[in-house]
Amino acid sequence: MNDLRPYAVFAETVAAGSMSGAARRLGMSPSAVSQTIRALEAQAGVTLLHRSTRKLTLTEAGARCYPHCLRLLEAASAANDSLLQARDAPSGELRVAAPVGFGAHIAPALAPVLAAWPQLRLRLLVDDAMIDLIGERIDLAIRAGRLPDSRWIARPLCQFEMIVCAAPAYLARHCVPETPQALADHAWLTSTRDGVDTADGPATMALDLHRADADVQLQVEARIVSNNQLSLHQMCEQGMGLARLGHADAHAAIERGALVRVLPQWQSAPLLVSAMTPRRDGDPAKVRVALEALRRHFTALPGTRPA
């Protein structure tokens, strides 16, 4: 496509009524404006302006060309306005991907954003599988734990305190663990995210616990393994074994007595929760407000702390 700038310079000159006026609007020198229009006339093989010491007037060819050039300027202005709106005012479709276990947090986190910005729409893709973020045109993806190598930018949102939980019914059928070493005698529900080793024999999970005066590392045998944290939570409530759960997710079940925290004096390594975005700088407004809303929501949950 031919360079469109000369047509914009011509339209600005006509609108300003002089080359010096167009030069001020465009940040050019009057001689540069004059040279640009002469080059356009030479390229087209027609004269666009009659020049005199007092004023400029359009030739017949210039009069036919000017409305098209004016529409070009208006389209460029509209395009610039749309970019400014994308930068400053959240609008359009926000595409968010999240694991199933985090899906329940999206509504309370983003409901205030959608209420405040009526022009913003949400498309939420909830899946524990690693979906194609580029193919699905994702604006923001929630990820937990270790992140795969990626050209996407990780924005830490918070750290989830991870706690060992069991259902009262399970603990009634089995002895309550009094020491970290006793955890190895129990049935475990584990996530594939927890580094389950299935190379030889039953699946096992490394469990690191610490308190002020001691650190303990042990391997526990997994009776049930799942890639879905919500399923593990539900099976734990059904008394099928012990599970390492996020305090924020287990809090309600603990409050209503469906789960009990095991060895509460011992701490487990926290789980980092991050938001992945395609770029480091220049995020559109819809992504910026969503990031801030998610960060506020997650850091306000019980058992979380800033990343």
Side-chain angles (χ1 to χ4, degrees), residues 83 85-117 119-162 190-196 225-234 244-250 269-301 303-307:
L83 294 176
Q85 184 179 25
R87 185 192 69 186
D88 299 330
S91 62
E93 184 175 72
L94 174 67
R95 299 175 73 92
V96 176
V100 173
F102 285 90
H105 294 292
I106 303 300
L110 296 186
V113 174
L114 292 170
W117 302 101
Q119 300 304 312
L120 184 63
R121 306 185 307 278
L122 174 65
R123 183 176 295 267
L124 176 61
L125 284 73
V126 178
D127 199 323
D128 284 326
M130 285 291 190
I131 66 172
D132 181 359
L133 301 180
I134 295 176
E136 294 291 345
R137 297 184 290 113
I138 298 301
D139 296 303
L140 188 156
I142 306 298
R143 292 289 182 259
R146 291 173 297 181
L147 300 172
D149 290 337
S150 172
R151 287 178 295 179
W152 283 48
I153 307 303
R155 316 291 183 94
L157 295 176
C158 72
Q159 294 187 81
F160 267 40
E161 179 188 8
M162 301 300 291
T190 63
S191 167
T192 52
R193 187 189 61 233
D194 289 327
V196 172
V225 180
S226 175
N227 68 342
N228 186 296
Q229 192 70 19
L230 181 59
S231 295
L232 293 175
H233 186 131
Q234 292 169 340
R244 184 172 173 265
L245 304 175
H247 190 173
D249 295 324
L271 179 68
L272 177 65
V273 179
S274 303
M276 306 288 289
T277 61
R279 56 181 66 83
R280 185 179 302 277
D281 300 309
D283 285 322
K286 62 183 180 180
V287 172
R288 294 200 307 272
V289 298
L291 280 171
E292 183 55 34
L294 288 165
R295 189 174 287 112
R296 283 197 305 269
H297 171 78
F298 280 121
T299 54
L301 294 174
T304 64
R305 60 176 181 263

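As the structure is a computational prediction, the values presented were derived from the model and not from experiment.
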Worksheet item: Distance-only, no hydrogens or angles: does the N227 side chain make a donor-acceptor pair with backbone N or O of T192 under 3.5 Å?
Response: no
Worksheet item: Nearest heavy-atom pair of F298 and T304: which atoms, and what distance?
Response: O-OG1, 2.7 Å
Worksheet, complete the sentence: Closest heavy-atom pair, A285 versus P90, reported as atoms and distance to 0.1 Å, is CB-N, 3.6 Å
Worksheet entry | Nearest-0.5 Å distance that lies between atom CG in D128 and atom CZ in F102 | 10.0 Å
Worksheet item: Roughly how far, to the nearest 0.5 Å, is the CG atom of L232 from the OG1 atom of T190?
Response: 7.0 Å
Worksheet entry | D249: which of H105, Q229, H233 passes side-chain hydrogen bond (donor to acceptor under 3.5 Å, both in side chains) | H105
Discussion item. Show the nearest heavy-atom pair for residues A269 and M162, with the distance to one decimal.
Written reply: O-CG, 3.6 Å
Worksheet, complete the sentence: Heavy-atom nearest pair, W152 first then I138, reads CH2-O, 3.1 Å
Worksheet item: Below 4.5 Å, heavy atoms only, C-beta onward: do V126 and I106 meet side chain to side chain?
Response: no
Worksheet item: Atom NZ of K286 and atom CG of L122: how far apart are they, to the nearest 0.5 Å?
Response: 10.5 Å
Response to the item:
Applying side-chain hydrogen bond (donor to acceptor under 3.5 Å, both in side chains) to S231 and not counting sequence neighbours gives N228
Worksheet, complete the sentence: The salt bridge (charged side-chain N to carboxylate O under 4.0 Å, His left out) partners of R137 (sequence neighbours excluded) come to none
Worksheet item: Ion pair present between R296 and E292, side-chain N to carboxylate O less than 4.0 angstrom?
Response: yes
Item to complete: First locate atom CG of D132, then atom CG of L125, and finally report the distance between them rounded to the nearest 0.5 Å.
Response: 11.0 Å
Discussion item. Taking salt bridge (Lys or Arg N to Asp or Glu O under 4.0 Å) as the cut-off, I'd like each qualifying pair that reaches into residues 91-112, sequence neighbours left out, listed once.
Written reply: E93-R95, E93-R123, R95-E136
Worksheet item: Considering only heavy atoms from C-beta outward, does the side chain of L110 approach that of L294 to under 4.5 Å?
Response: yes
Discussion item. I want to check something: taking the side chain as every heavy atom from C-beta on, are W117 and L94 in contact at a cut-off of under 4.5 Å?
Written reply: no
Worksheet item: Minimum heavy-atom separation for P306 to Q159, with atom names?
Response: O-NE2, 3.8 Å
Fill in: Atom pair CD1/CE of I142 and M276 - distance to nearest 0.5 Å
10.5 Å
Worksheet entry | Where H247 and G303 come nearest, the two heavy atoms and their spacing | ND1-CA, 3.7 Å
Discussion item. When you compare the side chain of R155 with that of D283, does any pair of heavy atoms fall below 4.5 Å?
Written reply: yes
